2 protein chains.
Amino acid sequence: MSNIREVAKKAGVSVATVSRVLNHPESVSAATMELVLDTMNKMQYTPNGFARSLALNRSSTIALLIPNILNPLYPQIAKGVEDVAHQKGYNILLCNTEENGEKERDYLHMLIEKRVGGFILTASQLENKDLQKIKNQNIPFVMIGRNMEEIDENMVFTDYHIGAYEITQHLIDVGYRNIAHITGSLNQIENLQKKKGYETALQEAGMVLRSEYIVEGNNEIEGGYLGAKKLLQLKKRPQAIFAANDLMAIGAIDAIKTSGLNVPGDVAIVGFDDITMASFIEPKLTTISQPVYKMGLIAARLLFESIENRQQEDGFKQKIFVQPKLMVRKSCGHEDRVREIFN
Amino acid sequence: MSNIREVAKKAGVSVATVSRVLNHPESVSAATMELVLDTMNKMQYTPNGFARSLALNRSSTIALLIPNILNPLYPQIAKGVEDVAHQKGYNILLCNTEENGEKERDYLHMLIEKRVGGFILTASQLENKDLQKIKNQNIPFVMIGRNMEEIDENMVFTDYHIGAYEITQHLIDVGYRNIAHITGSLNQIENLQKKKGYETALQEAGMVLRSEYIVEGNNEIEGGYLGAKKLLQLKKRPQAIFAANDLMAIGAIDAIKTSGLNVPGDVAIVGFDDITMASFIEPKLTTISQPVYKMGLIAARLLFESIENRQQEDGFKQKIFVQPKLMVRKSCGHEDRVREIFN
DNA sequence: ATGAAAGCGCTAACAG
DNA sequence: CTGTTAGCGCTTTCAT
C-alpha cells in the first residue's frame, strides 16, 4: 500500500504538492496536476484516512445509536440519517444497543475514541452524566425520540404521552369501556409516558384503572403475544387493547386469532408507531404515526449544523417537536361500532 | 481534549508508560498503574483512535454494505454481523447502497480510505474489477448472498436457483397449471437466478413458458402490488404467483385482496426470504427461508478469521453454502388443494 | 506554483 | 519496570 511520499518521489514532486492536488487542486498547475493524478493512478494510491484525520483533527463519520435494529422503526430512522450523511460525504457507524444501557455506554466510549464527528442518539438510555462526557469532549449530538424536558440539547421527538392519550381516547370514543394496555419495557421512559397517557385518558373519561388490565411487554412481537394471552384469561376480558408499539400489537392480534377470537369483533387492538406492516396485516392496524424517516433526516441535518458551527460558542439548542398522528384503520373496530350504535 | 503527553507530564511519567498502561498493563507496576489511571480520569483523557490506528496500521472497524436497509432481510444480517463484531470489539460502518452500483462503488472508495479492517458485501453489485481494488489494498472481505461461481473469495450464500425451483415445483405439486412470476430487479444476478429456477421447474413439468406471466418488480411491496395488478388483468388470469421476495408477495396479496379476490382461493401467492412478517400476514405466506441472521454471523466470523490471519499467505477461501428451505404455510393453498383433490 | 519541515497523538523498539 | 525516540501518513505554514 503506497503512501504520499512514494507518490511524490515517483512523480518527482514534493509531498506537499501531492497533498495539494488532493485538497487544494486550484493551487496546482495543470501540468503538475495531471502528472500527479497519473502516478497516483498507476500506483493505486489511496490516501490514508487516519493520517488525514489525525492531521486535521476531524473525521467524516458520525455515529448512530439505535436500540433495536430488528424493530422496523429504526431502519427508517437510519435511512433518514444515512441519506443526509451520504450527501455530506460522511459515513455512519451503526451501533445496536439492544435497549441495554451498559452496551450503550460501552459504545459511547469506543466512539469517543474513534473521534466521530457527532452522535445521533435514538431512544437512548444514557443518563445526564454520560451526555456530559460527550459534551466534555466537545462532540455535538442530537437525540431522537425521547423528550427530556429537563435537559437542554438538540432533540427531535414526538410526544408519547399525547399519542397514547389520543389513541386511548379514540378507543373510548368508539365505545369500549374495558380497555387494557400492554406496555413496553417499563425501564424506558417513553413507555412510562405512554402508560401515563393511557391512564390519563381513562381517568378523564371517569373510568377506573384496573391494575390487571396493565401488563408489561418487551417491545417485541412475542411480548405482545404473551401479554394478550394473559389478558384473555382474565375473568373480565378486555374489549380493547392498546399495545405500546405495533410489533406488540401484531403479536397481540396473533394471540387473539389463535385463541379463536376475532379482531376487532371480540377484542379490538391498537398500536403505536405505524410501521409499514401496520397497513398490511389483517385487520389493518389502527395506530399512532410518527414520521420517523423525517425525524432521521431532521436529526441528521441538525447534527451537521452543529458540526459545521462547532467552533462558535455553542449555539442554540433546538427541540423539534413532531406531531404524532392517529391513523384509524380496521383493528379498532371503528366502523363496526359506529354501525352498531346506529342500528 | 487532552493527549497522552499531557497525561504523562501531569502524572510525572513518560508517554511510553502511559501508553503501556493502556496496551500492556501487565508490564507496569501497580503503583504507577494506579497513578496513571487516576490522572487519566481526572483529566478525562480519551486516547485518540486515529493516532492509534495510524501507528498500528490497523483499525477496529469493519464495513457492512447492504442494498436496502428498509427490506427487513438486511437488518437481520446486520444483527448477525453486529453481534460478532461487538464481541470482537469492532464497530460497523453501515452503508446502504440502495441497489445502486454507483453508490456502492462510491462507498468502496470512502471505506478504503478509512482503512476499514474488512468488508462484508451483501448482494453486492460490485464487479470483479472493483473487488480487485479491495484485494490490491489487501483488505479482507466476504460476500453474502450471491454465489459467483467464477470468483474464488470468501462467501456465504444460498442457492437462489434451487430455492426458486423448489417453490415453483411446490406450486406445481399443489396442482396449479398457470403459474406467474413477479421478478426482482433484473439487473441483479440473484433475480436472474430465481427467474431461471422458476422457468426450469415449469419446463421440467412440461409446461409452456408464457412471457406475459413474467413481470418485473422492484423488490419492494409496491412492485409486487403493481405486478399482481398487471397479472390480474390478463385474459387468462394465473392461478398462482411466485414473487421473488416476500415484500413483493405482500404487495401482491394486497393487490389481490383489493381486487375483491381471495388468496389463495382465487390466486395463490408464494414469496422468497421468510421475513418475520411472512408469518403474520393473512394468509400466512408460503415462502423460501434462508437463515439470514446466521449468515450474518458466519460471514462475520469468516471475516475476522481473515483479518486475524492476514499476514499469512492468504489462506483458503471458503464458500459456505446454506440450504434454502421451503416453508409451507397458507398462501399457496396447499391444504385447500389437497382437500379438493381428495373430494 | 512548489518545497522543506513541523506537528497531529500514539506505539514500539531500544536502552537502561 | 521505565524513559527516549523514531516513525505511522498526512496537512499546512513558511519560505522561495
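Computed from a predicted model, the values in this text were never measured in an experiment.
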| field | Salt bridge A:Glu102-A:Arg105, side-chain N to carboxylate O under 4.0 Å | value | yes
| said: Output the rounded distance in Å from CG (A:Leu54) to C1' (D:dG7). | reply: 13 Å
| query | For DNA chain D, whose closest nucleotide is more 5', that of B:Ala55 or that of B:Ala30? | reply | B:Ala30
| message | Keeping A:Gln125 on the side-chain end and A:Gln188 on the backbone end, is there a donor-acceptor pair under 3.5 Å? | response | no
| message | Taking 4.0 Å as the cut-off, does a side-chain nitrogen or oxygen of A:His24 come that near to OP1 or OP2 on C:dA1? | response | no
| said: What is the separation between atom CZ on A:Arg5 and atom P on C:dA4, rounded to the nearest whole Å? | reply: 13 Å
| Charged N to carboxylate O below 4.0 Å: is that the case for A:Glu153 and A:Lys135? | yes
| Quick one: A:Asn3 CG to D:dC8 P, roughly how many Å, whole number? | 8 Å
| Does the B:Thr122 side chain pair with the main chain of B:Leu65, one donor and one acceptor, at a distance under 3.5 Å? | yes
| said: For a quick check of understanding: with a heavy-atom distance under 4.0 Å over all strands, which category does B:Val28 fall into, base, sugar-phosphate or nothing? | reply: sugar-phosphate
| task | Answer with yes or no whether A:Arg20 presents, from its side chain, a donor or acceptor under 3.5 Å of a partner atom in the base of C:dG3. | result | yes
| message | Mind checking if B:Val18 touches a base, just sugar-phosphate, or nothing, with heavy atoms under 4.0 Å? | response | nothing
| query | Contact class for B:Ser53 vs. all strands (heavy atom < 4.0 Å): base, sugar-phosphate, or nothing? | reply | nothing
| Does C:dC10 have OP1 or OP2 sitting under 4.0 Å from an N or O in the side chain of B:Asn48? | no
| remark: When rounded to whole Å, the CG to C1' distance for the pair B:Asn23 and C:dC10 reads 9 Å
| message | Base, sugar-phosphate or nothing for B:Leu56? Non-hydrogen atoms, less than 4.0 Å. | response | sugar-phosphate
| What is the distance from NZ of B:Lys114 to P of D:dC10, rounded to the nearest Å? | 16 Å
| What integer distance in Å separates B:Gln137:CD from D:dG9:P? | 13 Å
| Quick check: does any side chain N or O of A:Asn154 sit under 3.5 Å from a backbone N or O of A:Gln318, one acting as donor and the other as acceptor? | yes
| query | A:Asn57 near the nucleic acid: base, sugar-phosphate alone, or nothing, with a heavy-atom cut-off under 4.0 Å? | reply | nothing
| note | Nearest-nucleotide check on DNA chain D, A:Gly49 vs B:Ser14; residue mapping nearer the 5' end is B:Ser14
| field | Whole-Å distance separating the CZ atom of B:Arg115 from the P atom of C:dC10 | value | 21 Å
| query | Quick one: is C:dG3 close enough that its OP1 or OP2 comes under 4.0 Å of any side-chain N or O from A:Thr17? | reply | yes
| query | For A:Ser29 and C:dA1, is the shortest distance between a side-chain N/O and OP1 or OP2 below 4.0 Å? | reply | no
| said: For a quick test of reading the model: is some side-chain N or O of B:Ser19 closer than 4.0 Å to OP1 or OP2 of C:dA12? | reply: no
| request: To the nearest Å, give me how far apart CZ (A:Arg58) and C1' (D:dT12) are. | output: 13 Å
| query | Thinking salt bridges, do A:Glu127 and A:Lys133 make one under a 4.0 Å N-O criterion? | reply | no
| message | Does C:dT2 have OP1 or OP2 under 4.0 Å away from a side-chain N or O of A:Thr32? | response | yes
